[in-house]
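Every number for a ligand or one of its atoms is a count from 1 in the order of the listing.
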Amino acid sequence: MARYNPKETEPRQLKRWDDSAVFLTSQDTDKPSADKPKYYVLEMFPYPSGRIHMGHVRNYAMGDLVARFKRARGFNVLHPMGWDAFGMPAENAAMERKIHPKGWTYDNIASMRAELKRLGLSIDWTREFATCDPEYYGQQQKWFNALLKNDLVYRRESLVNWDPVDNTVLANEQVIEGRGWRSGAVVEKKKLTQWFMRITRFADDLISGLDTLDRWPDKVRTMQANWIGKSRGLKMIFPFAERDGGVEVYTTRPDTLFGASFVAIAADHPLAVEAAASNPELAAFTKSLSKGGTTQAEIDTGEKLGFNTGIKVKHPFKAGATLDVWVANFVLMDYGTGAIFGCPAHDQRDLDFARKYDLSVTEVVLPNGANPDEFKVANEAYTGPGTIFHSEFLDGLEIEAAKNIAIEKIEAMGLGEGATVFRLRDWGVSRQRYWGCPIPVIHCDDCGVVPVPDDQLPVVLPEDVTFDVPGNPLARHPTWKHVKCPTCGKDAARETDTLDTFVDSSWYFARFTDPKAPNPINKQAADYWLPVDQYIGGIEHAVLHLLYARFVTRALNHCGYLEVKEPFAGLFTQGMLTHETYKDASGHWVEPADVEISNEGGARKAVQLSTGEGLAIGDIEKMSKSKKNTVAPEDIFDTYGVDSARLFVLSDSPPERDVQWSTSGVEGSWRFTHRVWDQFDTLPDENIPCTDENAAAELLKAAHKAVKFVTEGFEGFRFNAAIAKLYEFVTVIRTSDISKTGSQARREALTLLAGLIAPVTPHLAEECWTRLGHDGLIAQAAWPKFDAALAQDDVYVMPVQVNGKKRGEISLPVGATEDQIREMALADEGVKRHLQGVSIRKIIIVPNRILNFVVG
Ligand code: ANZ
Ligand code: ZN
């Protein structure tokens with residue numbers, strides 16, 4: 001009996017797949033593999049950080065399972081791979097280690113490609129590209145200019161987070177407690193002219209499109225809807241008390257107008273700028289606000305600061321009453337109208353502000369059941385339901401009704417109109433960095449912004465750049481930016497901003513459909529392959545990447561590049577990998593590879609291998625470099641083989657949940673692969689006759705049930721449940737007696753088993769296939785079919801209810817008649833007890849489902 005040796009078989013099978021080019025997808029979308037339906041499966045492409053990690057293994061193992069399964073099921077499958085290769089880490093490496101970002105990136109790609117290839121993924125590698133390839137980003141520059149022409153890209157001044165040490169703009173996410181995430185410098189607010197993509201043009205469509213994505217997790221759809229933040233409210237004017245005109249505010253709570261105690265405007269609101277011009281104290285105040293971040297969390301939790309401008313406005317409903325206009329740091333210019341009315345009793349930020357500056361607090365929403373004479377807010381605003389009070393003509397109304405009446409009244413007074421606004425803001429895509437896609441425009445003093453003509457694209461990054469001083473290497477390059485204007489021929493300057501890397505990843509799935517096309521997108525190929533049927537990736541991309549990709553697809557659609565509007569028909573977000581953590585006596589984390597666990601008398605103990613010291617076992621946490629609780633995929637592949645690693649990450653928990661890596665877990669998978677091989681290895685060559693028809697029938701029944709269960713499990717992303725069934729099936733095979741079943745039934749069972757494991761442990765499956773006597777590849781074989789009659793259960797369990805409450809359960813033979821069902825139910829002890837002393841009015845039987853006695 002030969003022991004299964006993955007070290008020997010895995011490279012051999014990889015070579016067979018390579019040699020026969022089985023995973024290449026036809027480019028020929030005219031005759032797309034004859035009558036096969038298409039299936040596009042894609043895992044979020046990796047950032048080439050240097051090494052693959054266990055999270056990658058899980059993500060790609062899932063995608064590969066789906067790809068192999070669908071291929072076997074008769075689909076024309078597209079399963080490509082590429083690299084999300086621009087971004088800061090390459091520049092950091094350049095700064096810290098004096099390596100060129102390009103060299104660093106392509107070296108990393110080379111080593112990660114080798115690791116991914118070792119995983120045995122059924123990928124069409126001829127379609128591979130990196131987003132830093134000029135062939136890719138040059139095409140991106142083409143569609144960028146098409147968007148510019150279609151007014152979906154524009155330039156404007158905006159307030160940005162500016163890191164004065166790194167000399168760059170930071171995204172909101174990169175500002176941590178008011179400081180730059182890299183430099184630690186206090187971030188400043190700076191006005192810069194930036195490029196934006198007009199994502200807000202599609203705000204409504206991006207919300208309504210969510211309804212069509214019925215194969216997306218609800219959670220992700222909700223997160224996107226919240227991010228886009230559609231709300232109905234009112235834009236209304238508070239007229240100035242002493243002159244014409246007024247301040248326009250945006251509110252979603254016009255029902256609380258009688259509780260207004262002040263009006264507040266953003267520091268960069270035109271009225272604030274005007275007032276500051278003649279008020280040095282106010283000018284100093286607004287200047288001091290230009291520090292600190294602008295994230296929602298910072299605004300909500302940060303200190304509320306204000307300055308009373310002395311300007312007064314009239315309350316629209318209260319004759320003679322006026323409100324002061326303040327400049328406040330929690331009011332943002334680029335949301336709504338940049339001005340609000342504050343109602344401290346029912347908004348926490350307003351309340352914090354009112355308490356700080358001693359402004360009046362008037363309750364206008366009375367919680368249900370509260371006493372109107374006693375209800376007062378203290379330091380917590382009341383934002384719940386209730387009825388309106390202290391509000392004249394709104395008194396006694398519910399909130400929603402009061403909103404409508406207030407809007408009607410303001411409209412009738414000519415002071416405003418009901419309006420819909422979105423929280424979503426246009427996407428700022430300018431980055432003052434080197435390692436990104438150059439924005440393909442030229443600035444000319446006479447002609448303004450001139451797009452680089454298509455026939456002069458790509459605008460390629462210069463390679464002779466320096467990273468020894470902070471700032472943008474493109475801007476300080478001696479020659480690169482100096483060019484002639486393409487329109488008038490005068491001296492002009494290239495744009496030196498590059499694109500946010502989220503732009504690169506917002507269309508790569510479309511480029512994969514024809515990665516060598518001379519235009520950004522080969523429409524025919526894209527229309528054939530898109531949408532992606534199954535997209536798989538981490539939940540951390542629930543908002544940004546997935547929203548940008550949905551937007552760019554709409555923008556490309558708008559410019560005529562493709563037909564679809566939604567890029568991903570199905571989305572699956574897999575859970576993360578976790579591992580126990582270990583700490584030594586001095587509090588340092590210790591990596592699992594240096595730890596031995598023993599189990600003495602039921603107590604788990606950890607010892608550091610390199611020192612022999614005892615270790616403290618800590619919590620199970622997401623694998624991360626900082627806690628050192630990672631395991632290196634290469635080590636696992638070397639020790640247990642690729643198939644065992646794939647099997648473990650797919651089998652341990654439901655794919656949407658976290659999976660805890662453990663040595664004993666992967667050892668279990670490793671043992672299973674051996675057990676499987678042993679069944680094939682011991683299959684006798686000579687024919688052994690069947691001596692017991694029943695035994696053979698039992699074995700085949702188990703086989704066909706397994707095929708049915710696994711097929712449905714793979715289809716429904718219940719990989720772990722399907723694999724559990726495979727374990728069970730292998731046990732049935734092992735414990736069956738071949739001298740009774742005969743070798744023919746055993747061979748049939750094993751043939752089905754080989755097919756079922758092929759998407760999970762593909763190398764092993766090929767070995768088994770060869771062992772069964774096939775010359776070809778199982779990767780090209782059809783998916784096992786089950787015989788419905790054999791796969792059916794003989795008995796099934798039916799719950800029995802009395803007046804809708806479950807009182808018992810009965811086991812029934814398949815095909816039992818209603819009379820038989822009733823008889824069995826009446827004989828059940830639990831049911832009998834509940835039928836005592838009552839009369840049965842009606843018996844409802846839903847065949848195969850449930851029985852209910854209605855009694856009285
Ligand atoms: C008065 C009011 C009373 C408000 C109340 C809330 C509660 P969402 O739902 O997020 O759209 N707001 C409007 N524009 C703002 C800006 N530029 N910067 C900061 N805050 C702004 O939030 C809408 C609410 O956020 C608006 O409704 C406004 O405050 C505030 F009891 O108006 B509200
Ligand atoms: Zn010009």
Using a strict 4.0 Å threshold on nitrogen-to-oxygen distance, state whether Lys235 and Glu417 make a salt bridge.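 So Lys235 does not pair with Glu417 through a salt bridge.
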N-O pairing of Asp218 and Arg221 below 4.0 Å: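 A salt bridge links Asp218 with Arg221.
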Aromatic ring centroids of Tyr561 and Trp143 under 6.0 Å?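 Ring centroids of Tyr561 and Trp143 are no less than 6.0 Å from each other.
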May I ask you to check whether Trp326 and Phe353 place their ring centres under 6.0 Å from each other?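 Yes, ring centres under 6.0 Å apart.
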Under 3.5 Å, sequence neighbours excluded: what are the donor-acceptor pairs made by side chains of residues 256-266?
from, atom 1, to, atom 2, distance (Å)
Thr256, OG1, Arg253, O, 2.8
Ser261, OG, Ser360, O, 3.0

Applying side-chain hydrogen bond (donor to acceptor under 3.5 Å, both in side chains), which residue pairs with at least one partner in residues 381-400 are found, sequence neighbours left out?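 Matches after skipping sequence neighbours: Glu400-Lys403.
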Would you check ligand 1 and list the protein residues that come within less than 4.0 Å of it by any heavy atom, ordered by chain and number?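 For ligand 1, the residues that come within the 4.0 Å heavy-atom cutoff are Ser231, Tyr250, Thr251, Thr252, Arg253, Thr256, Phe330, Val331, Leu332, Tyr335, Gly338, Ile340, Phe341, Cys343, His346, Asp347, Arg349, Arg423.
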In the shown structure, where waters are left out, how many protein N, O or S atoms lie under 2.8 Å from the Zn ion (ligand 2)?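 Those protein atoms number 4 in total.
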Parallel, tilted or perpendicular: which fits the ring planes of His545 and His541, with parallel below 30° and perpendicular above 60°?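 Rings of His545 and His541: perpendicular, as their planes differ by over 60°.
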Assign the ring pair Phe389 / Phe375 to parallel, tilted or perpendicular, where the plane angle (0 to 90°) is split at 30° and 60°.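 Correct class here is tilted.
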Heavy-atom donor-acceptor pair, Gln348 side chain to Asn379 backbone, under 3.5 Å: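 Flag set: sc Gln348 to bb Asn379 pair under 3.5 Å.
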